[in-house]
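Keep in mind that what you see is a predicted model, and the values were worked out from it rather than measured. Below, chain A is the first sequence line, B the second, and so on; all start at residue 1.
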Amino acid sequence: MLDALTTGLAEVGAPADRSVIAAQLNLEGGPQGDAAFPLHRFVAASGLSPPALAARLAGELRAGPEVDHVTADGAYLNFRANSVRLTERTLRLVFARAGRYGHGDDAGIAACVEHTSANPTGPFHIGRVRNAIIGDTLARALRAAGTPVTTQYYVDDMGRQAAMVTWIWSKPVSEWPPEIRAAVEGFEVPGEKTDAHRGRPYPATSAYLKTHPEAAAEVAALVQQTEAGNAPPQQRELAQSILDGMLESLVRLGIRFDEFVWESDFLKDGSVDRVLARLRSAPHAVQESNGAWAIEAASYGLPKESTRVVVQRGDGTSLYVTRDVAYHLSKFVRFQRVVDVLGQDHRLHAVTLDALLSEIGEPRRPEYVIYQDITVPEGGRMSTRGGSAVWLDHLLAEAVERARKEVLARREDLDPAEVERIAEAVATGAVRYHIVRVASEKPVVFRWDDALSFEGRSGPFCQYSFVRAVSVLRKAEAENPPYPFDSARLNHPEEANLIRVMARLPRVVQYAARRNHVHALAGYAHDLAEQFNRFYHAVPVLRSVEERPSRIAVVAAVRQTLGNTLDLLGIARPDSM
RNA sequence: GGGCGCGUAGCCUAGUCUGGAUAGGGCACCGGGUUCCUAACCCGGCGGUCGAGGGUUCAAAUCCCUCCGCGCCCGCCA
């Protein structure tokens, strides 16, 4: 098609580069075709009026094997694909690639996606979960696009927050200050997750330290001790214990990590010292009067009043950003593509990190995927202390409750275990979809009714459509391949539309991975589910006769394509709902 | 104050990188659809100054400038 256009344009006196033509060609199609080509850009050179140019080119471009016909519409050329061939090719590809349909070839570069990395101080609220869902989906998208991915969770076991947890739990509850004890007593829950249990005194402790300097001094001493490499042993154990509880919740959402990287390890292995040595001799290094070292980073786009980035305190200890430099250097050793998923409040930290990498002569940079906060309707970010946080475990419990009701209302034939299994799948699917559907740079206002919606543009809608396909195949006793089909029999308009949506998946995966736009996958899942429902209502499958085997093949292809898409989104694919 | 992000129907949202036809969905609302493969569905209707203004262009939601509104950040915290 590109060749034909190139030749055709040259013949009418408007030659153009293939790249220009390719950029103009819209493969998503226009109102009346599978591909559209606007001609405005070539009108002047041709000396013809736009419609005349379109008509002339349409007449000259002969339909090829892939293209049924070319029509002129105003200043546009519209191409209609050969449906039989498109159907043939798409279905064959889906069946041949199966679980890898939509996936790209191994690009040969290794990527690291660091996401979540929430400090282990207590349970996840759903603002933090946005990071995990975006990060996990991105990792899936990159893998599908052909980039081997290692996911990493960076665990902060060194700062004040970790020290506060250690400080309070290193003494028996009976010796806690009354203010903190009050926040805990009466909340003992047998079998409670460790993040909820160990995290409960955290907000009160944080508040207490603000008004009790002597206690704050003890915490500061702990930080010092940790910096010196002598962290109390229970500090890491506590962090691990809380982290374990947090991760249990993420596992329900299908989120697991390949590696956990502990911040304190960079101190222990000497890499922080090496980074500090390089920073002290960096081009813009300056030493303050108290012995602290900083980088004068005005040229790196930092805020006007604070261009000085302190990298080493007056007492010789390192700072978070310094350790982060060490961490990133370690990533660059192993990975060609390094992606960090960060909340917008870390944006400046990212700029600072880039500046420091530059200072020590490191040419590589992480890619940042920045997401906006999830806020509450009353305004403002979710705050643990302000009581406005929506906890992930609470949200999941509500979602399961609601899903269970839905299942029980429509199915009486299921045993309780099956009901629970479906409710869990629907609930987690709804939550994941609800978070991932919005572009990460958009702010999200959390509303219960939206988050728990099972209709319309939702996870359960996509799951339900998938189950429909499963169910039809089950009734057809055609749960396994082969799926013989005759493309010539698949000529219902809704069938053609459905094939076209299925054919789009590889492009969607590439787009999502290249732009880090995971929400495109959510949009695609909905498009495919919706079009399958239209097909389902308009076209009989089991009741058809001559078309039956071919239509069963279409349904099998949908099961595969939609199933692959749900996998990309980390959403469970139930076989019954 | 400065930097970054966001602003698309009553509400939520896609499209913005790389300008192209009548701005694509969802919720809500109104009207239809189930003796038939699962109605968590489908069909139809209603609803748009794409924050405002200017500019570039044959063509602007998309690019440039100014402004307005909202959010975040501007620590020898993480």
Rounded to the nearest 0.5 Å, the CD1 atom of I552(A) sits from the NZ atom of K475(A) at a distance of 13.0 Å
Name all pairs fulfilling the ring pair (Phe, Tyr, Trp, His ring centres under 6.0 Å) condition that reach into residues 508-529 of chain A, sequence neighbours left out, sorted by first residue then second.
F461(A)-H526(A), Y511(A)-H517(A), H517(A)-H519(A)
Please find out if less than 6.0 Å separates the ring center of H434(A) from that of F454(A).
no
Are there any protein N/O atoms within less than 3.5 Å of an N/O atom in nucleotides 8-13 of chain B, and if so, which ones and at what distance?
from	atom 1	to	atom 2	distance (Å)
rC12(B)	O2'	R437(A)	NH2	3.3
rU13(B)	O2'	R457(A)	NH1	3.3

Interatomic distance at C1', rU56(B) relative to rC65(B), whole Å
11 Å
Value in whole Å for how far the P atom of rC72(B) lies from CZ of R130(A)
14 Å
Contact nearer the 5' end of RNA chain B, comparing Q312(A) with R515(A):
R515(A)
Would you classify V472(A) as touching base, sugar-phosphate or nothing, given that sugar-phosphate means primed atoms plus P, OP1 and OP2, and contacts are heavy atoms under 4.0 Å?
sugar-phosphate
Atom-to-atom span, OH of Y511(A) to C1' of rG15(B) - whole angstrom
8 Å
Can a donor-acceptor pair under 3.5 Å be found between the side-chain atoms of R514(A) and the base atoms of rU18(B)?
yes
Aromatic ring of H40(A) stacked on base six-ring of rA59(B), 5.5 Å, 30°
no
Could you tell me how far rA60(B) sits from rC76(B) if I compare only their P atoms? Round to whole Å.
49 Å
What is the per-nucleotide protein-contact pattern of nucleotides 43-48 of chain B, from the 5' end, where B denotes a base atom under 4.0 Å from a protein heavy atom, S denotes such proximity for sugar-phosphate atoms only, and - denotes neither?
S-----
Take atom C1' in rA21(B) and the same atom in rU35(B), then report the distance between them in whole Å.
46 Å
Answer with base, sugar-phosphate or nothing: what part of the nucleic acid does V426(A) contact at a heavy-atom distance below 4.0 Å?
base
When all nucleic acid strands are considered with a 4.0 Å heavy-atom cut-off, which category describes D315(A): base, sugar-phosphate, or nothing?
nothing
Provide the distance between the two C1' atoms, one in rG5(B) and one in rU16(B), to the nearest whole Å.
14 Å
Report yes if a side-chain nitrogen or oxygen of N119(A) is closer than 4.0 Å to either non-bridging phosphate oxygen (OP1 or OP2) of rA78(B); otherwise report no.
no
Distance check needed: rA78(B) P versus L267(A) CG, whole Å only.
12 Å
Under 4.0 Å, counting only non-hydrogen atoms across every strand here, what does V539(A) touch: a base, just sugar-phosphate, or nothing?
base
Could you give the distance separating rU57(B) and rC64(B) at their P atoms, to the nearest angstrom?
16 Å
Does rU57(B) have its OP1 or OP2 closer than 4.0 Å to a side-chain nitrogen or oxygen of R41(A)?
no
With a non-hydrogen cut-off below 4.0 angstrom, is A292(A) in contact with a base, only sugar-phosphate, or nothing?
base
Classify the side chain of D527(A) versus the base of rA14(B) as yes if they form a donor-acceptor pair under 3.5 Å and no if they do not.
no
Under 5.5 Å and under 30°: Y76(A) stacked on rA21(B)
yes
Provide the distance between the two C1' atoms, one in rG47(B) and one in rC12(B), to the nearest whole Å.
15 Å
Here the distance between atom P of rG20(B) and atom CG of D73(A), to the nearest Å, is 18 Å
Would you indicate what G314(A) reaches in the nucleic acid, counting non-hydrogen atoms under 4.0 angstrom: base, sugar-phosphate, or nothing?
base
Considering only rG5(B), rG71(B), rA78(B), which nucleotide approaches the side chain of E441(A) most closely?
rG5(B)
Position toward the 5' end of RNA chain B (nearest nucleotide), Q24(A) or K475(A):
Q24(A)
Looking at E455(A) and rG26(B), is any side-chain donor or acceptor paired with a base atom of the opposite kind under 3.5 Å?
no
Should the side chain of H526(A) and the base of rG25(B) be counted as holding a donor-acceptor pair, with the cut-off at 3.5 Å?
no
Supply the atom-to-atom distance I242(A) CD1 to T121(A) OG1, rounded to the nearest 0.5 angstrom.
6.5 Å
Given the P atoms of rC6(B) and rU18(B), what is the spacing between them in whole Å?
15 Å
Of the candidates rU38(B), rA21(B), rG20(B), the side chain of P38(A) sits closest to rG20(B)
Would you call E288(A) and R308(A) a salt bridge, taking side-chain N to carboxylate O under 4.0 Å as the test?
yes
Listed pairs under 3.5 Å, donor-acceptor, residues 341-349 of chain A side chains, sequence neighbours left out:
from	atom 1	to	atom 2	distance (Å)
Q344(A)	NE2	Q372(A)	OE1	3.0
Q344(A)	NE2	D373(A)	OD2	3.4
H349(A)	NE2	D324(A)	OD2	3.3

Side-chain contact check for H517(A): nearest option of rC37(B), rC73(B), rG15(B) is rG15(B)
Whole-Å C1' distance, rG48(B) and rA61(B)
11 Å
Would you say S471(A) places a side-chain N or O within less than 4.0 Å of OP1 or OP2 belonging to rU38(B)?
yes
Without decimals, in angstroms, what is the distance between Q372(A) CD and rG69(B) C1'?
15 Å
Identify the heavy atoms of V311(A) and L276(A) that sit nearest to each other, and give their distance.
O-CD2, 3.4 Å
Phosphate oxygens OP1/OP2 of rC73(B): is one of them under 4.0 Å from a side-chain N or O of R381(A)?
yes
So what does V555(A) hit on the nucleic acid, given a heavy-atom distance under 4.0 Å: a base, only sugar-phosphate, or nothing?
nothing
Among Q161(A), Q225(A), Q235(A), R236(A), find the residue that satisfies the side chain to side chain donor-acceptor pair (under 3.5 Å) test when tested with T166(A).
Q235(A)
Parallel, tilted or perpendicular: ring planes of Y76(A) versus H40(A), cut at 30 and 60 degrees:
perpendicular
Measuring from the side chain of H349(A) (C-beta onward, heavy atoms only), which nucleotide among rC72(B), rC41(B), rA78(B) has the closest atom?
rA78(B)
May I have the distance from Q531(A) (atom CD) to rG26(B) (atom P), rounded to whole angstrom?
12 Å
Rounded to whole angstroms, how far apart are CG on L414(A) and P on rU38(B)?
14 Å
Counting any heavy atom closer than 4.0 Å, what does R468(A) reach on the DNA or RNA strands: base, sugar-phosphate only, or nothing?
sugar-phosphate
Does T375(A) reach a base, just sugar-phosphate, or nothing at all? Heavy atoms under 4.0 Å.
nothing
Measuring from R402(A):CZ to W448(A):CH2, what's the distance to the nearest 0.5 Å?
10.0 Å
Quick one: label F461(A) by what it contacts on the DNA or RNA (base, sugar-phosphate, nothing), any heavy atom closer than 4.0 Å.
sugar-phosphate
Between V426(A) and P460(A), the two heavy atoms sitting closest are CG1-CG, 3.7 Å
For a quick test of your reading: what N or O donor-acceptor pairs under 3.5 Å do the side chains of residues 537-545 of chain A make, sequence neighbours left out?
from	atom 1	to	atom 2	distance (Å)
S544(A)	OG	V541(A)	O	2.6
S544(A)	OG	R548(A)	N	3.3

Residues passing the salt bridge (Lys or Arg N to Asp or Glu O under 4.0 Å) test with R323(A), sequence neighbours excluded, are E227(A), E263(A)
